[in-house]
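Below: one structure, written as structure tokens.
Every value quoted in this text rests on a predicted model; they were computed, and no experiment measured them.
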Amino acid sequence: MLHVSMNRFSLLNVLKKYIPLGFFILAFFICGCDGMKKQQLNIFTWSGYVSEEIRSGFEDEFGVNVIVDTFGANEDLLAKLSAGATGYDIIMPSDYMVSIMIKENLLAELNRENIPNFQNISPLFLGKYYDPENRYSVPYTFGTAGIAYDSSKVSSDPESWSVLWDEKYKNQFSMLDDQRETLGVAFKLLGYSINTTDPEQLRQAKEKLIEQRPIVKQYKSEAEELLIAGDVIMAHCWSGDAFRAAAERPSIRYVIPKEGSSQFIDTVCIPKSAPHKDLAEKFINYLLRPEVNAKITAFTKYGTCVPAAKEHLPEDLQKHKFIYPPAEVMESLEWLKDQGEFTQQYSRAWDEIKAK
Ligand code: N2P
């Protein structure tokens, strides 16, 4: 009995002595690990926009983790941020979406002192209508929308958007899954502006796309995947994606139909809710280094806004017609613009088309 109580006594003493020490070790371990945990940069961008090389290059140099998540349309990006997504440090809206996001108070102002490489950007891509002083955005790439087609399968080179209404190509082509771009095709075919706010013109464009719907194989923004796989022989798509597909399948060509089309600048912005704004500015500065920017063009096959990047590019990428259309084609292009309240009508029309 005595023996037992002695043991209890010493056990208690041992516990008294070591429990605080245990807590101390645990606390040290937790804090230590947390201190060592790498910062994480979360990027939300278009698919095919941030290469593994760019991602890991930044990770290695800055000792951080970079996570890349993708979207297929500006409206998806907006929906996510408006719904309260708060984890993103870097986003890449196109021009007109930058105006919308500024208006919605979703973007953080950039601190230029942290982005000295801003000076590498060509003035041609600065001071645009969507962010006149570039307080919120830096340009990432530029491009156009058009038709990519496999010249070994499509009998004659398409000249007009009307080829995408030709029954002969039923189930053999895709359209962008993008309300402004795809309505834009119907507007252009009907001879209207892609920025029209005339309800009657919108009604006609909607009818046109509803009429087309049964012969469309798929609405997909990542058209390059369909083209490379041979799932489609034509695609309404963006220039860089067409160019990337052509690199895999050399019979693929790209045309901007005679009725005209859209052009865009995609940008890099920091959401107001970004958890790591400083790191995001370091990333933007990194992207604007000429040699890094050249890698963006080499990978995405979209144009560079950093003239010094061209020295690091193979000659064909410096002036390729997929990136630099001839002057007369350039004249037929329009920028998509924020049309304020009318946007809801575009969305409603688009939902009706997709619901058919
Ligand atoms: C890249 C998509 C380009 C985005 N796959 C067009 N704004």
Give a yes or no on whether [X] and [Y] share a hydrophobic cluster (residues Ile, Leu, Val, Met, Phe, Trp, Tyr; joining criterion: side-chain heavy atoms under 4.5 Å apart).
X      : Y      : answer
Ile252 : Leu176 : no
Val216 : Leu226 : no
Ile256 : Val185 : no
Tyr254 : Tyr302 : yes
Ile194 : Phe342 : no

[X] atom [atom1], neighbour heavy-atom count above 12 within 6.0 Å:
X      : atom1 : value
Glu53  : CD    : no
Lys354 : NZ    : yes
Glu315 : CD    : no
Glu328 : CD    : yes
Glu113 : CD    : no

Answer whether the closest heavy-atom distance between the side chains of [X] and [Y] falls below 4.5 Å.
X      : Y      : result
Leu77  : Met101 : yes
Leu107 : Val98  : yes
Tyr96  : Phe264 : no
Trp46  : Met92  : yes
Trp335 : Asn195 : no
Val232 : Gln218 : no
His236 : Leu164 : yes
Phe44  : Ile90  : no

Exercise for review: Quick one: do Tyr169 and Phe173 satisfy ring-ring contact (aromatic ring centres under 6.0 Å, His included)? Show the steps, please.
Suggested key: CA-CA 7 Å; Tyr169 296 115; Phe173 69 92; 7.6 Å; no

**Study point:** Full working for side chain to side chain contact (heavy atoms under 4.5 Å, CB included) between Lys128 and Ile265
**Key:** CA-CA 10 Å; Lys128 296 285 185 195; Ile265 293 180; 4.0 Å; yes

Practice item. Take Leu78 and Met97 through the side chain to side chain contact (heavy atoms under 4.5 Å, CB included) test and state the conclusion after the steps. Key: CA-CA 8 Å; Leu78 177 65; Met97 189 49 68; 3.8 Å; yes

**Study point:** Lys337 to Tyr129 six-membered ring, cation-pi geometry met (6.0 Å, 45°)
**Key:**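 Pair Lys337/Tyr129 counts as cation-pi.
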
Check your understanding: Honestly, is Arg244 close enough over Phe299, meaning NZ or CZ under 6.0 Å from the six-membered ring centre and within 45° of the axis?
Key ->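 Pair Arg244/Phe299 counts as cation-pi.
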
Exercise for review: Give, for atom OG of Ser137 and atom CD1 of Ile270, the distance between the pair rounded to the nearest 0.5 Å.
Suggested key: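 Between Ser137 OG and Ile270 CD1, I get 11.0 Å after rounding to 0.5 Å.
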
Practice item. Measure the spacing between CD of Glu207 and CD of Glu352 and express it to the nearest 0.5 Å. Key: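 Nearest 0.5 Å value for the CD-CD distance: 8.5 Å.
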
Review point. Are Glu167 and Lys170 close enough, and set up right, to give a salt bridge (Lys or Arg N to Asp or Glu O under 4.0 Å), and what steps lead you there?
Key: CA-CA 5 Å; Glu167 291 278 339; Lys170 183 173 179 169; 5.3 Å; no

Practice item. Answer yes if the ring centres of Tyr49 and Tyr140 are under 6.0 angstrom apart, and no otherwise. Key: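 Between Tyr140 and Tyr49, which both carry aromatic rings, the centre distance is below 6.0 Å.
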
Check your understanding: Can any side-chain N or O of Glu259 pair as donor or acceptor with the backbone N or O of Leu189 at less than 3.5 Å?
Key ->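 It does not hold such a pair.
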
**Study point:** Side-chain donor or acceptor of Asp89 paired with backbone N/O of Ala280 under 3.5 Å
**Key:**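 Here the side-chain-to-backbone pair does not exist.
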
Exercise for review: Verify side chain to side chain contact (heavy atoms under 4.5 Å, CB included) between Phe142 and Ile323, making sure each step is shown before the conclusion.
Suggested key: CA-CA 8 Å; Phe142 63 89; Ile323 301 181; 4.0 Å; yes

Less than 3.5 Å apart, any donor N or O on the side chain of [X] or [Y] sitting next to an acceptor on the other?
X      : Y      : answer
Asp177 : Ser221 : no
Gln201 : Thr196 : yes
Asn293 : Glu291 : no
Ser347 : Glu75  : no
Glu61  : Tyr286 : no
Asp69  : Tyr88  : yes
Asn105 : Lys272 : yes

Check your understanding: With a 4.0 Å cut-off, would you call Lys208 and Glu211 a salt bridge?
Key ->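 Yes, Lys208 and Glu211 are salt-bridged.
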
Exercise for review: Identify whether the distance between the nearest side-chain nitrogen and carboxylate oxygen of Asp338 and Lys103 falls below 4.0 Å.
Suggested key: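 A salt bridge is present here (some side-chain N lies under 4.0 Å from a carboxylate O).
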
Check your understanding: Can you tell which of Arg55, Lys38, Lys37 makes a side-chain contact (heavy atoms from CB on, under 4.5 Å) with Asn65?
Key ->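 Only one option passes, and that is Lys38.
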
Exercise for review: Take Phe125 and Thr141 through the side chain to side chain contact (heavy atoms under 4.5 Å, CB included) test and state the conclusion after the steps.
Suggested key: CA-CA 9 Å; Phe125 301 96; Thr141 51; over 6 Å; no

Review point. Looking at Glu334, Arg180, Glu181, which hits side chain to side chain donor-acceptor pair (under 3.5 Å) with Ser262?
Key: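 The passing option is Glu181.
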
